[in-house]
Participant: 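Sharing a structure here in structure tokens format.
On a predicted model such as this, the values are computed, not experimentally measured, just so you know. Every chain is numbered from 1, with letters handed out A, B, ... down the list of sequences.
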Protein chains: 2
Amino acid sequence: MATIYDVAKLAKVSPMTVSRVINQKGAISESTKLKVEKAIEELNYIPNISARSLISKSTKIISLLITDISNPFFTKVARGAEDKAMQLGYQVIFSNSDEDVEKESRYIQMLLESRVDGVLMAPSGDHSKKNVQKLIQNRIPFVILDREIEGLPSDIVLGNSHEGTRKLMDHLIIQGHKKIALINGPSYISTARERKQAYMESLQFAGIQIDESLLFETDYKQQTENNITDKLLELPSHQKPTAIFAANNFIAANMMKKLTERGIDVPNDVAFVCFDDFDSFSNLHSFLTVAAQPAYDLGYMGVQMLVDKIEGNSNLDNRRIVLPPEIKIRQSSTRYKNE
Amino acid sequence: MATIYDVAKLAKVSPMTVSRVINQKGAISESTKLKVEKAIEELNYIPNISARSLISKSTKIISLLITDISNPFFTKVARGAEDKAMQLGYQVIFSNSDEDVEKESRYIQMLLESRVDGVLMAPSGDHSKKNVQKLIQNRIPFVILDREIEGLPSDIVLGNSHEGTRKLMDHLIIQGHKKIALINGPSYISTARERKQAYMESLQFAGIQIDESLLFETDYKQQTENNITDKLLELPSHQKPTAIFAANNFIAANMMKKLTERGIDVPNDVAFVCFDDFDSFSNLHSFLTVAAQPAYDLGYMGVQMLVDKIEGNSNLDNRRIVLPPEIKIRQSSTRYKNE
DNA sequence: CTGTTAGCGCCTTCAC
DNA sequence: GTGAAGGCGCTAACAG
């Protein structure tokens, strides 16, 4: 592969001049510029980013570290991130932590070795703190995505869990639901904590007694099977929920499947709402009442914020972008209205 | 950030010795090895891949160039690719061409500048040839994914469009369908060509006359709206299809939506089958009869093949892995059987 | 406006 | 077993 030396030789100028043409720096006469461009063309010269990085300390690569690209939420985040990155001249390396801190840790190591310019990261949970601290220690700019890490303030872009939960809950409560089960994510993930808190708040505000037996905790992963549905069904009828609140889309999908298997009809036997929307061509998409997070925008704005930081356009610390969810009222929760 | 010089100084050895310890090359006494490792630890030394790349000509980064990560098919491909890459010590840069050659071309340029070790690429179509030739010209190892480029033999990993189509068609024909509409992708994409050919073949084999008015061409993109459904509905009743074959999941989803809007019932008014499966929590997933491509495996094996090539483990050219689709017979095409 | 020198961090080659 | 010199491809800093 041709280097600037080859180009310089062919164009009969110094390598430095070639460099200047490539980077459009300094003043160059039109004639030499043309000569150089011709030589570049002829040799099919392509600059070597590695060499440039050695000097500039910049790779023009950012890392998108998420838990699972298969989660439609993160798929959209990824798409938004890539679009914005491309627009700003960055490339995106992506990694899936699978909600596993150790895996996350290995990726962080690789990222550091690659000298990525920055990291946009959805932490696997509060225990990701040590991984993030490694970024801080190495002065890698980063923006946290979707989930806060307890006791670690930082630049962050996330959806408003509190608002989304309150609105979904109010929607249920207004319809007369009092026994609402919460199937939540793990308490070491901030979104789960916030959703639980808002859930409690909604009930208290409405003067509804909280029933601990309606609170469940599982995880946000797609694969996770749980028997919460069975447990709900086993409750004595005066305790059985009339509505279910699932804390994310995977939980919702799994529970909906189980409910169908058990012959429970939504919304006639039980109302159902959840956080996160589904693929536009999923039937759950047009059926479930959800608090849809602006996933694409989270990725898009996350990269925006990150690049601002990388390029020093912003000297603010701990910026916080909280995007409101969009509540989409659909069939799964509208039994009362329909009848 | 610490360099090998810093480590060398602290460990009181030469930089070369440090390098040897890091790369486990040559013979080093246990004692100096320990000294060096301690210094590395203490300084939190992290090797600089850019510097290494300059010499080794290897970045340990591969590129995954697909059309759209939002397409569940490619989401799974991406997941498979990343898993395998991680396992082999590579990182993955991903890009979305949106089926646009020019965008693809810009990405190729960026990839070349980054000196990625190889490219796994789903071409936007036959016109991607010029982009792929740029890879060849620059001797970047690559593996083509999902779609062949006319007149450009290469290493390739793809699903068996012919087999999938034949099986879906036979399934329809056996049930007595004779008027089967084909809603195909663009003819400049190999999978569309193959699916059409197999469609024709199936009909001919069954002695069914081909009706050109049942053949449609649109594109594979999610956003594309088409009025094919309307056209089908406007056909005189003796020509109206009793079954619809959609050539990919996006086409299927769009058409299903339109059919629902028009009050057409699947499968009672018309049977429906398509290529590509849906998200496991999509309701179309448990409803539509599909030829599911092993998307995860395509990505996984694609990376496998690519890394083989990069690392020179294989001197074979134009290797071809064709993975069979899995036919999933579901409600959308089983009217006859159910009644 | 253009060229020279030096060095980014690492590794190959050759000494010792 | 260890070290010194040189260079990968590029650009910052200085000269002219």
Participant: Is B/T32 near enough to D/dT2 that one of its side-chain N or O atoms lies under 4.0 angstrom from OP1 or OP2?
Facilitator: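 Yes, within the criterion.
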Participant: Among pairs that include at least one residue of residues 13-35 of chain B, which meet salt bridge (charged side-chain N to carboxylate O under 4.0 Å, His left out), considering only residues two or more places apart or in two chains?
Facilitator: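 Found none.
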Participant: Given atom NZ of A/K60 and atom C1' of D/dC10, what is their separation to the nearest angstrom?
Facilitator: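 The answer, rounded to whole Å, is 16 Å.
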Participant: Counting side-chain heavy atoms from CB outward, which of D/dG9, C/dC10, C/dT2 is closest to B/T3?
Facilitator: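 Between D/dG9, C/dC10, C/dT2, the one nearest the side chain of B/T3 would be C/dC10.
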Participant: So A/V116 and B/Q91, do their side chains get closer than 4.5 Å, heavy atoms only?
Facilitator: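 Not touching, per the 4.5 Å side-chain cut-off.
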Participant: Taking CG from A/D6 and P from D/dG7, how many angstroms apart are they, rounded to a whole number?
Facilitator: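 Computing the A/D6:CG to D/dG7:P distance gives 16 Å.
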Participant: Please state whether the phosphate of D/dG9, meaning OP1 or OP2, lies under 4.0 angstrom from any side-chain nitrogen or oxygen of B/K57.
Facilitator: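 It does, given that an N or O in the side chain of B/K57 lies less than 4.0 Å from OP1 or OP2 of D/dG9.
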Participant: According to a strict under-4.0 Å criterion, is B/S14 in side-chain N/O contact with OP1 or OP2 of D/dT2?
Facilitator: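 False: B/S14 side-chain N/O out of range (4.0 Å or more) of D/dT2 OP1/OP2.
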Participant: How would you list, by chain and number, every residue that makes a salt bridge (Lys or Arg N to Asp or Glu O under 4.0 Å) with B/R115, sequence neighbours excluded?
Facilitator: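 For B/R115 there are no salt bridge (Lys or Arg N to Asp or Glu O under 4.0 Å) partners, ignoring immediate neighbours.
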Participant: What does the B/S/- profile of nucleotides 11-16 of chain D look like, 5' to 3', with a 4.0 Å heavy-atom cutoff to protein?
Facilitator: BBB---
Participant: Exactly one of B/L298, B/N96, B/D146, B/L64 should register a side chain to side chain contact (heavy atoms under 4.5 Å, CB included) with B/F74. Which one does?
Facilitator: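 The passing option is B/D146.
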Participant: Report the distance from atom CG of B/L54 to atom C1' of C/dT12, rounded to the nearest whole Å.
Facilitator: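 Going from B/L54 (CG) to C/dT12 (C1'), I get 14 Å.
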Participant: Ignoring hydrogens and geometry beyond distance, is a side-chain donor-acceptor pair present between B/S58 and B/S56 at under 3.5 Å?
Facilitator: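 No, B/S56 and B/S58 have no side-chain donor paired with an acceptor closer than 3.5 Å.
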Participant: What is the distance from CD of B/E113 to C1' of D/dG9, rounded to the nearest Å?
Facilitator: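 After rounding, the reported distance stands at 14 Å.
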Participant: Whole-Å distance between D/dG3 P and B/K9 NZ?
Facilitator: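 Those two atoms, NZ and P, are 15 Å apart.
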Participant: Roughly, in whole Å, what's the span from NZ in A/K33 to C1' in C/dT2?
Facilitator: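 Going from A/K33 (NZ) to C/dT2 (C1'), I get 16 Å.
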Participant: Just how far, in rounded Å, is P of D/dC10 from CE of A/M1?
Facilitator: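 Rounding to the nearest Å, CE of A/M1 and P of D/dC10 are 10 Å apart.
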Participant: Atom CD of A/Q24 to atom C1' of C/dC1: distance rounded to whole Å?
Facilitator: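 Nearest whole value for this atom pair: 17 Å.
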Participant: Under 4.0 Å between a side-chain N or O of B/S50 and OP1 or OP2 of C/dC10?
Facilitator: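 No.
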Participant: Treating A/D68 as the side-chain partner and A/D98 as the backbone partner, does any N or O pair qualify as donor plus acceptor under 3.5 Å?
Facilitator: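 Side chain of A/D68 to backbone of A/D98: no pair is present.
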Participant: Ignoring hydrogens and angles, tell me if any N or O in the side chain of A/R147 forms a donor-acceptor pair with the backbone of A/S190 under 3.5 Å.
Facilitator: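 Not confirmed, A/R147 side chain does not pair with A/S190 backbone.
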